[in-house]
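Everything quoted here is computed from the prediction, not taken from an experiment. Residues take their numbers from the sequence shown, with the count starting at 1.
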Amino acid sequence: MTASTFVSLYERRLKLVQDTLTKHSELSTESARALAVHVLGALDHLPERVR
């Protein structure tokens with residue numbers, strides 16, 4: 001039997017933004033993750049109809 005690991009939607013979004021920042025800049029993985037947290041925080045405060 002294989003064990004499945006739950007990954008939250010937030011963690012999936014965070015990884016997507018982090019990977020994008022890392023790919024398109026010279027940021028380290030740690031710096032890209034820290035920035036991704038701020039980016040998602042800003043996006044989450046936008047009203048749904050604007051997104």
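Rounding to the nearest 0.5 angstrom, the gap separating the OG1 atom in Thr22 from the CG atom in Leu35 is 9.5 Å. Distance check: Gln18 CD to Lys15 NZ gives 5.0 Å after rounding to the nearest 0.5 Å.
Qualifying side-chain hydrogen bond (donor to acceptor under 3.5 Å, both in side chains) partners for Glu11, counting only residues two or more places apart in sequence or in other chains: Arg33. The side chain to side chain contact (heavy atoms under 4.5 Å, CB included) check on Val17 picks up Leu21, Ala36, Val39, Leu40, with sequence neighbours excluded. In this structure, the side-chain hydrogen bond (donor to acceptor under 3.5 Å, both in side chains) partners of Ser31, at least two apart in sequence or on a different chain, are Ser28.
Taken together through direct or relayed side-chain contacts under 4.5 Å among Ile, Leu, Val, Met, Phe, Trp and Tyr, Val37 and Leu43 form part of one hydrophobic cluster.
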